[in-house]
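No hydrogens, no waters, no symmetry mates; every other heavy atom, side chains included, goes into these values. Worth saying up front: this structure is predicted, and the values here are computed from it rather than measured.
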Amino acid sequence: MKINANASGTRTIEVTEEQLQLIKKYSLLDRLTNSLGTVNEDSLVKLRLTVRSLIASQEMDAKELLDLCPVLYDENMKALGLANLMNCYNRWLQKKNEEQQAEENKDA
């Protein structure tokens, strides 16, 4: 999946299913927005520091978190890119939930 990193859509960042799964596993996008619900550069800094802290706290198996760094530290990643990443993640999560519901209904 590609997310737009700028308003004109000329710069994109590739996000994989595995990276979205990592975001879910570590709840990385929770509580990143400010009190008004907007995403800004501070939100991106907070996310990067959270990932950096998680990597530092894991003696082993930090590789999976390192796989997320190309997205978070992409030179084009700014507040708009993060907002688009959050939207992409929410759409992906909704799709996964719908698939799970369909599977449960099929089994019932």
Side-chain angles (χ1 to χ4, degrees):
M1 291 164 252
K2 288 188 179 189
I3 59 169
N4 288 334
N6 63 0
S8 65
T10 58
R11 297 178 189 255
T12 60
I13 301 171
E14 184 70 32
V15 181
T16 65
E17 173 110 12
E18 292 78 20
Q19 290 166 328
L20 293 172
Q21 289 171 352
L22 283 173
I23 290 170
K24 180 180 179 188
K25 178 179 178 179
Y26 291 98
S27 303
L28 294 174
L29 299 181
D30 292 354
R31 297 176 297 280
L32 280 183
T33 58
N34 64 20
S35 61
L36 299 174
T38 58
V39 178
N40 55 30
E41 293 298 320
D42 290 338
S43 304
L44 182 57
V45 170
K46 182 178 177 182
L47 176 58
R48 288 174 174 167
L49 289 174
T50 300
V51 170
R52 199 179 299 172
S53 175
L54 286 169
I55 290 170
S57 69
Q58 293 184 349
E59 294 178 16
M60 307 286 282
D61 199 25
K63 183 191 177 318
E64 67 179 11
L65 284 168
L66 290 173
D67 291 341
L68 192 56
C69 289
V71 172
L72 301 181
Y73 288 93
D74 187 288
E75 65 183 17
N76 297 317
M77 180 60 85
K78 305 288 186 241
L80 178 64
L82 179 57
N84 289 335
L85 175 62
M86 294 171 93
N87 290 334
C88 176
Y89 172 77
N90 289 332
R91 286 191 309 271
W92 173 81
L93 193 57
Q94 182 178 1
K95 180 181 171 191
K96 289 295 176 190
N97 289 337
E98 289 170 359
E99 289 172 358
Q100 183 180 3
Q101 285 290 334
E103 188 66 32
E104 289 173 1
N105 291 339
K106 186 175 112 180
D107 290 340

Begin with the C-alpha distance, continue with both residues' side-chain angles, and end with the deciding distance and a verdict on salt bridge (Lys or Arg N to Asp or Glu O under 4.0 Å) for Lys95 and Glu98.
CA-CA 5 Å; Lys95 180 181 171 191; Glu98 289 170 359; over 6 Å; no
Would a hydrophobic clustering, with Ile, Leu, Val, Met, Phe, Trp and Tyr connected at side-chain separations under 4.5 Å, put Leu32 with Leu44?
yes
Side-chain heavy-atom pair Leu20, Val15 within 4.5 angstrom cut-off:
yes
Does the side chain of Tyr73 reach to within under 4.5 Å of the side chain of Met77, using non-hydrogen atoms?
no
Linking I/L/V/M/F/W/Y whenever any side-chain heavy atoms sit under 4.5 Å apart, do Leu49 and Leu66 land together?
no
Looking only at atom types and distance, does a side-chain atom of Asn84 sit under 3.5 Å from a main-chain N or O of Ile3, one as donor and one as acceptor?
no
For the residue pair Lys46 and Arg31, what are the closest heavy atoms and their distance?
NZ-O, 2.7 Å
Take Trp92 and Gln21 through the side chain to side chain contact (heavy atoms under 4.5 Å, CB included) test and state the conclusion after the steps.
CA-CA 10 Å; Trp92 173 81; Gln21 289 171 352; 3.7 Å; yes
Nearest-0.5 Å distance that lies between atom CG in Leu29 and atom CG in Asn90
7.5 Å
If I take atom OH from residue Tyr26 and atom CG from residue Leu65, how far apart are they, to the nearest 0.5 angstrom?
4.5 Å
Membership question, hydrophobic clusters at under 4.5 Å side-chain separation (ILVMFWY): are Met86 and Val71 in the same one?
yes
Nearest heavy atoms of Ile55 and Cys69, plus distance in Å:
CD1-SG, 4.1 Å
Any idea which heavy atoms bring Met1 and Glu14 closest together, and the distance?
N-OE2, 3.0 Å
Could you state the interatomic distance from OG (Ser53) to CD (Gln58), rounded to the nearest 0.5 Å?
10.0 Å
Sub-4.5 Å side-chain heavy-atom contact between Leu85 and Ile23
yes
How close do Ala5 and Asn76 get, counting heavy atoms only, and between which atoms?
CB-O, 3.4 Å
Heavy-atom closest pair, residues Leu22 and Leu68:
CD1-CB, 4.5 Å
Distance (rounded to the nearest 0.5 Å) between Asn87 CG and Leu82 CG
9.5 Å
Looking only at heavy atoms, which two atoms of Leu47 and Leu28 are closest? And how far apart?
CD1-O, 3.4 Å
Arg48 versus Val51: any side-chain heavy-atom pair under 4.5 Å?
no
Less than 4.5 Å apart, any side-chain heavy atom of Lys25 and any of Glu64?
yes
Applying salt bridge (Lys or Arg N to Asp or Glu O under 4.0 Å) to Asp67 and Lys63, what does each step give before you reach the verdict?
CA-CA 6 Å; Asp67 291 341; Lys63 183 191 177 318; 3.2 Å; yes
